[in-house]
Every structure is written in structure tokens, then in C-alpha cells.
Visitor: 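The structure under discussion is supplied below as C-alpha cells; questions concerning it will follow.
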Amino acid sequence: MNSQNSNLQDKLSEYYSSIFEKELIDDIIKVGRFESIESGNLLIDIGQDLTHIPLILSGVVKIMRQENEDEELALYYLERGDTCAISFVNCIDHKRSIFRGIVEKDVEVVFLPVEVIDDWLQKHKTWRRFIIDSYHLRLLEMVDAIDGLAFMKLKNRMLKYLIEKVKITQENILDITHQEIANDLNSSRVVVSRMLKQLEQENKIEMRRNKIIIESF
DNA sequence: ACATTAAGTGATT
DNA sequence: AATCACTTAATGT
């Protein structure tokens, strides 16, 4: 076994040994392709053929939809231990991706080919559990996102977005511009600036140029 | 000093 | 809540 494989084994055991049985981890090492991807790169794009599904070992991936050039919406984040089960079902049917996944914090990821993940559903009980749980979680997050759009005022939606961001970056000083927030929430920069100012007056956040400090979360 | 980019403001829909 | 038109502030060269 070469060094990259043993490295992969270490990481897999570290993060997944509590949910996956040993044989499954061995199988993953056998067929998985390990990759490191730097922040800012695309993991998957809309319309792209899905031949593999990603298993995230570290880092963060932002999953979003995009209608036109300048209309986008952030849906949810993938972190360590996550996979995109939506892409999994897509994968089995050999459909194209309906999402875009962009790397937000450098990721280490294992790509698993479609052919095997189907078999594993029967072969490994923990895999089956993992996929079902993951699909369920993603669905809940999606419903949450829809609720946000339908019922929540932008200010609340934005606060939720910021807190989420703090959680995944482990940093309460966010490196972000008003424009970027507006893009993620499919809103406009002017409105975001005004809402942020309100949040600042409520002492929930503090603003610097290119930075937002979240006080309470 | 100047140009560029981020953020703020008032009016209008 | 969005858009327009414009100002002001911060930053890079």
C-alpha cells in the first residue's frame, strides 16, 4: 500500500470509523479517488454529468443554484462527514447535476464511482444508513431554505446566513463584502447594506470594511 | 495623487 | 424590498 493510501486510511478512520464498518472503509480505499481542492474551485457544476459522488474529509463546500448569470442562491454547506446524497440519487440515474458546488474552504475529498455505491447499499448496512440519513438531512435543509424564502424577512434570513457562516468557518469575524452576501441571498447590495446597519444598531453585529463581526450567536 | 472598489444615502417604484 | 443615481470612504498603485 502506497503512502497516499495509508494517509487516506488514516483520515477515513479518523472521521468515519464511528459510522462505517471496517470492510466499508477498506472498500472506500480500494475504489475511491482522493483529491485536495483549493478554495474557490468548482467541485461540481450545474449540468455536469455525475459519475462520482464526493465524500468530504475536511473543508467546506457551498451548494447553490444558479438561474441566470447574476441570479444565484446559496442552499446549504457540506462539511466533514457529509456527502451530497442528492447527487447520489442523481448519479444512479446518470442524470446531470442540478446544483453547483463551490469550494469555500480548502477541501479533501474522496470521489466514489457510481457503480460501487449502488452495490454497497446491499453490501454494507452502515452505508445504507449513511445515505438515507444524509438524504434526509439534505431534505430538511432544503425545506428550511424554502421556509426562509417564503416566510422570513430578509433581515432574519441574513442573520441566519451569517450565523451559519460563523459556524462553518469557526470564526466570528467574517471576511465578506455586502455584495457577496447579496449574491448568496439573491438580493441587492443596497438592501443588504441597510439591513446590516440595522443589525449593527441592534448590537448583533459590527462592521468593518470587508469584514463583519458577529457578536451574538 | 489618482483610480478602483466597498459602502452609505435619498428618492422612487 | 428593489432599483437608480449619486456620494463618501477605504485601499491599492
Side-chain angles (χ1 to χ4, degrees), chain A residues 35-48 54 56 58-80 82 84 86-87 90 96-109 136-217:
Chain A
E35 270 184 46
S36 299
I37 304 175
E38 279 180 20
S39 160
N41 286 309
L42 282 174
L43 189 74
I44 180 102
D45 204 356
I46 295 163
Q48 196 175 318
I56 311 289
S58 68
V60 179
V61 178
K62 177 169 78 182
I63 303 295
M64 59 189 199
R65 284 241 70 193
Q66 182 155 72
E67 277 305 316
N68 316 316
E69 292 275 296
D70 47 341
E71 282 188 34
E72 56 180 51
L73 178 68
L75 290 173
Y76 53 80
Y77 294 96
L78 297 180
E79 298 176 76
R80 161 158 93 242
D82 286 335
C84 194
I86 309 285
S87 74
N90 262 325
R96 288 155 188 283
S97 175
I98 53 171
F99 298 135
R100 164 173 298 169
I102 185 160
V103 178
E104 185 119 332
K105 240 172 96 178
D106 299 3
V107 292
E108 293 174 302
V109 59
H136 185 224
L137 185 64
R138 245 75 263 184
L139 181 62
L140 290 180
E141 280 179 311
M142 202 83 87
V143 168
D144 219 42
I146 295 171
D147 281 352
L149 286 175
F151 308 124
M152 274 165 57
K153 300 278 186 221
L154 182 62
K155 192 162 67 156
N156 296 326
R157 197 150 65 93
M158 194 167 66
L159 189 57
K160 204 171 153 225
Y161 166 87
L162 292 172
I163 290 171
E164 178 74 16
K165 203 97 168 153
V166 168
K167 264 191 225 148
I168 63 156
T169 55
Q170 308 283 310
E171 236 337 320
N172 77 324
I173 300 170
L174 300 174
D175 233 306
I176 196 165
T177 65
H178 298 185
Q179 185 64 63
E180 286 167 339
I181 297 172
N183 292 148
D184 274 353
L185 299 178
N186 188 29
S187 177
S188 64
R189 201 272 308 162
V190 200
V191 176
V192 165
S193 291
R194 285 179 175 140
M195 298 290 121
L196 282 172
K197 203 166 70 177
Q198 288 183 32
L199 288 173
E200 189 172 43
Q201 277 157 7
E202 295 165 19
N203 291 320
K204 298 210 171 83
I205 63 167
E206 223 176 294
M207 288 189 280
R208 300 287 137 77
R209 179 173 237 245
N210 286 322
K211 283 186 170 50
I212 293 169
I213 305 160
I214 284 69
E215 306 289 0
S216 55
F217 55 92

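What's counted below: heavy atoms across the whole structure, side chains too, no hydrogens, waters or symmetry copies. A note on names: the letters A, B, ... follow the listed sequences, proteins ahead of strands, and every chain is numbered from 1.
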Visitor: Under the rule for side-chain hydrogen bond (donor to acceptor under 3.5 Å, both in side chains), what residues qualify as partners of Asp184(A), not counting sequence neighbours?
Guide: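 Counting only residues at least two positions away or on another chain, Asp184(A) forms a side-chain hydrogen bond (donor to acceptor under 3.5 Å, both in side chains) with Lys62(A), Tyr161(A).
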
Visitor: Hey, which of these two, Arg209(A) or Arg194(A), hits DNA chain B nearer its 5' end, going by closest nucleotide?
Guide: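 Residue closer to the 5' terminus by nearest nucleotide: Arg209(A).
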
Visitor: Which residues pass the side-chain hydrogen bond (donor to acceptor under 3.5 Å, both in side chains) test with Glu215(A), sequence neighbours left out?
Guide: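 Testing Glu215(A) for side-chain hydrogen bond (donor to acceptor under 3.5 Å, both in side chains), a comparison that skips the adjacent residues, returns none.
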
Visitor: Report all side-chain donor-acceptor pairs from residues 98-107 of chain A shorter than 3.5 Å, counting only partners two or more places apart or in another chain.
Guide:
residue: Arg100(A); atom: NE; partner: Asp45(A); partner atom: OD1; Å: 2.7
residue: Arg100(A); atom: NH1; partner: Gln66(A); partner atom: OE1; Å: 2.6
residue: Arg100(A); atom: NH2; partner: Asp45(A); partner atom: OD1; Å: 2.9
residue: Arg100(A); atom: NH2; partner: Asp45(A); partner atom: OD2; Å: 3.4
residue: Arg100(A); atom: NH2; partner: Gln66(A); partner atom: OE1; Å: 3.3
residue: Glu104(A); atom: OE2; partner: Lys165(A); partner atom: NZ; Å: 2.3
residue: Asp106(A); atom: OD1; partner: Ser39(A); partner atom: N; Å: 2.7

Visitor: Exactly one of Ile181(A), Ile173(A), Leu199(A) should register a side chain to side chain contact (heavy atoms under 4.5 Å, CB included) with Ile212(A). Which one does?
Guide: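 Between Ile212(A) and the candidates, side chain to side chain contact (heavy atoms under 4.5 Å, CB included) is satisfied uniquely by Ile181(A).
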
Visitor: Which heavy atom in Met207(A) sits nearest to a heavy atom in Ile205(A), and how many Å separate them?
Guide: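 Reported closest heavy-atom pair: CG-CD1, 4.1 Å.
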
Visitor: Residues in salt bridge (charged side-chain N to carboxylate O under 4.0 Å, His left out) with Arg208(A), at least two apart?
Guide: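 Listed in chain order: Glu206(A).
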
Visitor: Would you please name every residue forming a salt bridge (charged side-chain N to carboxylate O under 4.0 Å, His left out) with Lys160(A), sequence neighbours left out?
Guide: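 Lys160(A) satisfies salt bridge (charged side-chain N to carboxylate O under 4.0 Å, His left out) with Asp144(A) only.
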
Visitor: Applying side-chain hydrogen bond (donor to acceptor under 3.5 Å, both in side chains), name anything that partners Ser193(A), two or more places apart in sequence or on another chain.
Guide: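 Residues passing side-chain hydrogen bond (donor to acceptor under 3.5 Å, both in side chains) with Ser193(A): His178(A), Arg189(A).
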
Visitor: So if I take residues 178-185 of chain A and measure heavy-atom distances to DNA chain B, which residues fall below 4.0 Å?
Guide: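 Contacting residues: His178(A).
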
Visitor: Can you give me the closest heavy-atom contact between Ile37(A) and Asn41(A), atom names plus distance?
Guide: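 Scanning both residues completely, I find the closest heavy atoms to be CG2-CB, 3.6 Å.
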
Visitor: With a 4.0 angstrom cut-off to heavy atoms of chain A, pull out the first and last contacting nucleotide of DNA chain B, in 5'-to-3' order.
Guide: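 Under 4.0 Å from chain A, the extent on DNA chain B is dT5(B) to dA11(B).
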
Visitor: Indicate whether the side chain of Ser58(A) and that of Glu108(A) have a donor and an acceptor atom separated by less than 3.5 Å.
Guide: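 Present: a donor and an acceptor within the cut-off.
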
Visitor: Can you name the salt bridge (charged side-chain N to carboxylate O under 4.0 Å, His left out) partners of Arg194(A), sequence neighbours left out?
Guide: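 For Arg194(A) there are no salt bridge (charged side-chain N to carboxylate O under 4.0 Å, His left out) partners, ignoring immediate neighbours.
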
Visitor: By the 4.0 Å heavy-atom rule, please label Ser193(A) as base, sugar-phosphate, or nothing.
Guide: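 The residue Ser193(A) makes sugar-phosphate contact but no base contact.
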
Visitor: Need the bend value for the helix from dA1(B)-dT13(C) to dT13(B)-dA1(C): angle between end axes, 5 pairs each end, nearest 10°.
Guide: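 The value is 10°.
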
Visitor: Quick one: list whatever passes side-chain hydrogen bond (donor to acceptor under 3.5 Å, both in side chains) with Asp175(A), sequence neighbours left out.
Guide: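 For Asp175(A), no residue satisfies side-chain hydrogen bond (donor to acceptor under 3.5 Å, both in side chains) once neighbours in sequence are set aside.
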
Visitor: Might you point out which heavy atoms bring Met158(A) and Met195(A) nearest each other, and give the distance in Å?
Guide: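 Looking at all heavy atoms of both residues, the closest pair is CE-CB, 3.4 Å.
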
Visitor: Chain A on DNA chain C: first and last contacting nucleotide, 5' to 3', under 4.0 Å to a heavy atom?
Guide: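 Range of nucleotides touched by chain A: dA1(C) to dT11(C).
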
